[in-house]
Colleague: 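Here's a structure for you.
Keep in mind that what you see is a predicted model, and the values were worked out from it rather than measured.
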Amino acid sequence: MSKLYLISGNDEYAIKAKAVDTIREICGEDAENDPSMEIIKGDDDSKKADEILAELMNSLNTPPFLSPQKTVWLKHFAHFEKVMSGKANAREKERLDALSEFISSGIPEEINLVIDGSGIDRRKSFYKTCDQAGTCIFLAQADLTDRNYAMIQAEKIRGYCANAGINIFEDAVQFLTDTVGSDTARIYTELDKLFCYIGVRDNINLEDCRNICSRTPEALSWAFADALINRRLEDALITIDTLMEQLRSSRGSGNPELAILSLAVGNFQNLVKTRAVIDELQIPGRLRYPQFKNFVTSVPKEQSGNILCSYHPYRAFMLYCQAESFTQTELKDALNGLLNTYRHLVSGSDNSRLALEQLAFKIAGNTRDYQNQAYG
């Protein structure tokens, strides 16, 4: 087992959670009451960074007292960004250099050292010293602009559920990936709520997510896009009503209706791409999941750079089913409807709610019936 653990990055929630797990691995479940544990509070607002580092060095230079070994935990150090930058003062540099020298000289056998905190610079010598001497764990939030963002978030969700002994269906993973964002704390909070909601069940499905997850604008936008693609007109209209009320109360003036369109546009663009792949690979219609999975996973490598092969097989199967339910003409009409609605909204015209409702009827319902209802 390593004598040194350095846990950092920019995902503060994940860093703290990993630090707690690491301490429990070393000292057991009741780690903070372990007499061999010495905790240096790295986020103590009453102390400066150099004072915290001095306290850490005093602890490291003091031999164990009540047991043959001791674990020193610099807990949630809040000053990495400052002490590793050009803004660090002389005392901070001196303390950090002393810690680096202590680590590079070899941590004594009787000491375990755990350091956690966000903001560390991996290009600096301190990080490199720790990396050579022990175990460095760098935890970063998923970047929304990363082409692998969805895959990274989905793996994080599946992993958290697996650790809890819970199976989560792929449509539920997709919902959370699309609506929760890159904040790990928010992801785990929503999953913890779901764990409580399902009770004795050992699985989470899409309906669970719809019932219990926070009604954020992102979640409502997802619900609107999903209602359009699956042609559930009543759900689309209810979502418009809820989103309009929520966004207007939280943002005041502006054009909040645009928020509801972005995900729908992206989803229908994916359906167009999927239709193209279905035609290119000559995928038969009405395949069941096992047949579809076998077909897609057997696609030659030179033809695998497409939307269906890049997704999890079940997510790809869902896209396949959705694309199959629209004709080419219907997809074209849907995209034209989305574009026209966008133009209407950005023009600042009145009746923006009506524009969204007309879009819902155009894609998910019967336009003629809607006209009779709306205009008598």
Side-chain angles (χ1 to χ4, degrees), residues 150-151 153-155 157-158 161 167-179 201 203-211 221-239 261 263-339 359-370:
M151 181 179 68
Q153 292 301 86
E155 285 303 313
I157 291 165
R158 293 190 198 101
C161 290
N167 177 50
I168 182 167
F169 293 105
E170 282 304 312
D171 50 3
V173 173
Q174 187 64 36
F175 173 90
L176 292 169
T177 299
D178 287 342
T179 62
R201 280 170 41 212
N203 60 75
I204 294 170
N205 58 42
L206 178 58
E207 195 61 28
D208 297 326
C209 295
R210 286 175 173 158
N211 289 338
S221 297
W222 186 95
F224 180 70
D226 185 64
L228 292 185
I229 283 180
N230 292 290
R231 302 186 183 188
R232 297 193 307 273
L233 177 59
E234 183 178 356
D235 288 351
L237 295 176
I238 291 172
T239 302
L261 281 182
L263 194 57
V265 171
N267 283 2
F268 275 93
Q269 287 175 335
N270 284 341
L271 292 192
V272 172
K273 294 176 185 177
T274 302
R275 286 291 321 183
V277 174
I278 290 172
D279 295 339
E280 178 188 348
L281 299 182
Q282 297 182 339
I283 303 175
R286 299 181 180 278
L287 292 179
R288 295 185 180 277
Y289 176 59
Q291 298 169 310
F292 174 84
K293 183 178 180 181
N294 288 338
F295 191 101
V296 171
T297 53
S298 64
V299 171
K301 187 175 181 180
E302 60 271 16
Q303 293 182 283
S304 63
N306 60 68
I307 189 170
L308 292 182
C309 295
S310 64
Y311 280 127
H312 184 282
Y314 189 77
R315 169 60 177 152
F317 177 66
M318 292 167 61
L319 278 174
Y320 160 79
C321 293
Q322 291 166 345
E324 280 280 285
S325 71
F326 284 85
T327 65
Q328 294 281 14
T329 300
E330 287 173 333
L331 282 176
K332 179 182 176 181
D333 288 345
L335 285 173
N336 284 335
L338 287 161
L339 177 60
L359 175 67
F361 274 93
K362 180 180 181 63
I363 297 176
N366 186 297
T367 306
R368 177 175 297 177
D369 289 345
Y370 171 70

Colleague: Between Phe175 and Cys209, what is the shortest heavy-atom contact and its length?
Modeller: CD2-CB, 3.5 Å
Colleague: At what distance, to the nearest 0.5 angstrom, does CD1 of Ile278 lie from CD of Glu324?
Modeller: 4.5 Å
Colleague: Evaluate the criterion side-chain contact (heavy atoms from CB on, under 4.5 Å) for residue pair Leu206 and Phe169; output intermediate values, then yes/no.
Modeller: CA-CA 7 Å; Leu206 178 58; Phe169 293 105; over 6 Å; no
Colleague: Taking C-beta and beyond as the side chain, do Tyr289 and Pro313 meet within less than 4.5 Å on heavy atoms?
Modeller: yes
Colleague: Once you round to the nearest 0.5 Å, how far does CD of Glu280 lie from CD of Gln303?
Modeller: 6.0 Å
Colleague: For Leu308, does its backbone N or O pair with a side-chain atom of Asn306 as donor and acceptor, under 3.5 Å?
Modeller: yes
Colleague: For the atom pair CD1 (Ile238) and CZ (Phe224), what is the distance rounded to the nearest 0.5 Å?
Modeller: 13.0 Å
Colleague: What pair of heavy atoms forms the shortest contact from Arg201 to Asp208, and how long is it?
Modeller: NH2-OD2, 2.5 Å
Colleague: If you look at every heavy atom in Asp279 and Gln328, which pair is closest and at what distance?
Modeller: OD2-NE2, 3.3 Å
Colleague: Test of understanding: with salt bridge (Lys or Arg N to Asp or Glu O under 4.0 Å), list the residues that count as partners of Arg315, not counting sequence neighbours.
Modeller: none
Colleague: What pairs of donor and acceptor atoms, side-chain ones from residues 263-274 against any protein atom, are under 3.5 angstrom apart with sequence neighbours left out?
Modeller:
unit_1 : atom_1 : unit_2 : atom_2 : d
Thr274 : OG1    : Asn270 : O      : 2.7

Colleague: Provide the closest heavy-atom pair for Ile283 versus Leu287 in the form atom of the first, atom of the second, distance.
Modeller: CG2-CD1, 3.7 Å
Colleague: With the side chain counted from C-beta on, respond yes when Val296 and Cys309 share a heavy-atom pair under 4.5 Å apart, and no when they do not.
Modeller: yes
Colleague: Please determine whether salt bridge (Lys or Arg N to Asp or Glu O under 4.0 Å) holds for the pair Asp226 and Arg210, giving the CA-CA distance in whole Å, both sets of side-chain angles, and the decisive distance to 0.1 Å.
Modeller: CA-CA 11 Å; Asp226 185 64; Arg210 286 175 173 158; 2.3 Å; yes
Colleague: Do other residues, nucleotides or ligands put more than 12 heavy atoms under 6.0 Å from Glu234 CD?
Modeller: no
Colleague: Within this structure, what is the CZ-SG distance for the pair Arg286 and Cys321, rounded to the nearest 0.5 Å?
Modeller: 10.5 Å
Colleague: Should Phe361 and Leu237 count as side-chain neighbours, where that means a heavy-atom distance under 4.5 Å?
Modeller: yes
Colleague: Between atom CG of Leu319 and atom CD1 of Ile229, what is the distance when rounded to the nearest 0.5 Å?
Modeller: 8.0 Å
Colleague: Grab the two heavy atoms, one from Asp235 and one from Thr239, that are nearest each other, plus how far apart they are.
Modeller: O-OG1, 2.8 Å
Colleague: So Gln291 and Phe295, do their side chains get closer than 4.5 Å, heavy atoms only?
Modeller: no
Colleague: Please round to the nearest 0.5 Å and tell me the distance separating atom CD of Gln322 and atom CG of Leu331.
Modeller: 10.5 Å
Colleague: Counting C-beta onward and ignoring hydrogens, is there a side-chain heavy-atom pair between Glu170 and Tyr311 closer than 4.5 Å?
Modeller: no
Colleague: Do you know the tightest heavy-atom contact between Phe326 and Arg231?
Modeller: CD2-NH2, 2.9 Å
